[in-house]
**Student:** 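What follows is a single structure, and I will ask about it in a moment.
Keep in mind the model is a prediction, meaning the values are calculated, not measured.
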Amino acid sequence: MGLATVLAQVAAGVVALHLLGLVAVVGRDGLAGAPGRVRANLRAVAPTLGLLVVVLAVNGVVRDVGVELSWLIGVNITGAIHALEGGFVAWVQSLATPPLTTYFSAVYVFGYAFLLTFPVVAYLACRSDRPVRTLLVAYAVNYALGLVCYVLFVSYGPRNVTPEAVDSLLYAHWPQAQLLTGRVNRNTNVFPSLHTSLSVTVALVAYRYREVYPRWTPVAAALAGSIAVSTMYLGIHWATDVVAGAALAAVAVAVGLRVTAPAGESADPVDGADPADGATGRWTDRVADWIRE
């Protein structure tokens, strides 16, 4: 099986999830008149989308030379992380069962692709362009700061450092996945976990704009939590990477809220939700205020 076949399988699965999501999350009322709103929102977010494309292009170029650059100017923190958390990931894998391995492998590949792409489509169909602009800005910040960390810090994952205790469960369960991950991942780029940071970003934005699609918030939270756990369960990331990824997500969402807030107004959500309502709202507000100061 080649890369094209694997990509086709993933694309087919993600498209099916999108169709299910549009029906279950956006609903008939949300889809009514959606094409016109999508065209209007696309025009409004075109500069933000362009920024994300530029960041992704730079990310792709720098990643090709980043490994060598990291060994020249970066700090190898692998030993420090291993000393900090010891055999935690090995303990997580001690709970492994075939059904759990199937679930976390599917979540890591299919669920992650769906979680990152579906809210972009869904928010383009809503009446305000702020949710999708916030999300796109947050994605760009995630990739930009993540790339800086990958250059500054050299870190190998637990399956590379302790292969006698931690298995590569994803590749053992679905070897073809390596064709995908090998195109974008490097063994020394595990701090922070971008799977975690981008997934938590989606969950935070979903909560922030929960009045837009109330059914999406619990789905996004459950998927984000599962993806964060999967990175450790599959032996790819340390718990430290996951914690750092969650912190990166908070910063990225705070920047997104601040950038997309109208001039002279706070980073309040759309549709009348209280900006300081709930722990997540207060948390992102504090980070946004810290960045502003």
Side-chain angles (χ1 to χ4, degrees), residues 14 17-18 20-53 55-56 112-143 197-224 248-285 287-288 291:
V14 172
L17 290 171
H18 270 252
L20 179 62
L22 288 173
V23 172
V25 172
V26 179
R28 179 185 299 177
D29 292 341
L31 291 174
R37 294 194 297 274
V38 169
R39 287 192 294 271
N41 285 337
L42 272 176
R43 286 193 293 271
V45 305
T48 309
L49 189 58
L51 168 68
L52 177 60
V53 171
V55 170
L56 289 175
Y112 178 67
F114 167 71
L115 185 64
L116 263 59
T117 55
F118 177 73
V120 175
V121 175
Y123 289 148
L124 280 174
C126 74
R127 290 178 174 76
S128 169
D129 64 19
R130 286 189 60 192
V132 70
R133 281 198 297 129
T134 301
L135 188 65
L136 293 176
V137 170
Y139 281 174
V141 174
N142 268 284
Y143 281 110
S197 68
L198 288 164
S199 299
V200 173
T201 291
V202 172
L204 290 176
V205 172
Y207 179 77
R208 191 70 181 195
Y209 297 113
R210 58 195 177 281
E211 301 298 329
V212 178
Y213 298 122
R215 294 176 182 171
W216 174 239
T217 305
V219 174
L223 270 177
L248 174 56
V251 172
V253 173
V255 173
L257 291 170
R258 180 56 54 193
V259 169
T260 59
E265 295 185 14
S266 63
D268 59 323
V270 296
D271 294 343
D274 184 347
D277 183 23
T280 305
R282 291 191 294 272
W283 186 30
T284 51
D285 279 348
V287 177
I291 292 170

**Student:** Any non-hydrogen side-chain atom of Tyr139 less than 4.5 Å from a side-chain atom of Leu56?
**Tutor:** no
**Student:** Shortest non-hydrogen contact from Val26 to Ala122?
**Tutor:** CG2-CB, 4.0 Å
**Student:** Applying side-chain hydrogen bond (donor to acceptor under 3.5 Å, both in side chains) as the test, list every pair that has at least one member in residues 22-35; sequence neighbours left out.
**Tutor:** none
**Student:** Does Gly30 offer a backbone N or O that forms a donor-acceptor pair with the side chain of Arg37 under 3.5 Å?
**Tutor:** yes
**Student:** Can you name the closest pair of heavy atoms from Val38 and Ala125 and give their distance?
**Tutor:** CG2-CA, 3.9 Å
**Student:** Would you call Tyr112 and Leu198 a side-chain contact if the rule is heavy atoms closer than 4.5 Å?
**Tutor:** yes
**Student:** Would you indicate whether the side-chain heavy atoms of Leu124 and Val45 approach each other to under 4.5 Å?
**Tutor:** yes
**Student:** So, Tyr143 side chain and Leu52 main chain: donor-acceptor pair closer than 3.5 Å or not?
**Tutor:** no
**Student:** I need the Leu49 CG to Leu42 CG distance, nearest 0.5 Å.
**Tutor:** 7.5 Å
**Student:** Among residues at least two apart in sequence or on other chains, which ones pass side-chain hydrogen bond (donor to acceptor under 3.5 Å, both in side chains) with Asn41?
**Tutor:** none
**Student:** Which heavy atom of His18 sits nearest to which heavy atom of Val121, and what is that distance?
**Tutor:** CE1-CG2, 3.8 Å
**Student:** Between Arg208 and Leu257, is any pair of side-chain heavy atoms under 4.5 Å apart?
**Tutor:** yes
**Student:** Please list every donor-acceptor pair under 3.5 Å in which a side-chain atom of residues 214-223 meets a protein atom from a residue at least two apart or in another chain.
**Tutor:**
from   : atom 1 : to     : atom 2 : distance (Å)
Arg215 : NH1    : Ala24  : O      : 2.9
Thr217 : OG1    : Ala206 : O      : 3.2

**Student:** For the OH atom of Tyr209 and the SG atom of Cys126, what is their distance to the nearest 0.5 Å?
**Tutor:** 9.5 Å
**Student:** To the nearest 0.5 Å, what is the distance between OG1 (Thr201) and CG (Asn142)?
**Tutor:** 4.0 Å
**Student:** Which heavy atom in Val55 sits nearest to a heavy atom in Ala140, and how many Å separate them?
**Tutor:** CG1-O, 3.6 Å
**Student:** Quick one: closest heavy-atom pair of Asp129 and Val132, and the distance?
**Tutor:** O-CG1, 3.3 Å
**Student:** Measure from the side-chain N and O atoms of Arg210 to the backbone N and O of Tyr207, and report whether any donor-acceptor pair falls under 3.5 Å.
**Tutor:** yes
**Student:** In terms of ring plane angle, is the pair Tyr123 and Tyr213 parallel, tilted or perpendicular, where the classes change at 30° and 60°?
**Tutor:** parallel
**Student:** Looking only at heavy atoms, what is the nearest atom pair of Pro131 and Val205, with distance?
**Tutor:** O-CG1, 4.2 Å
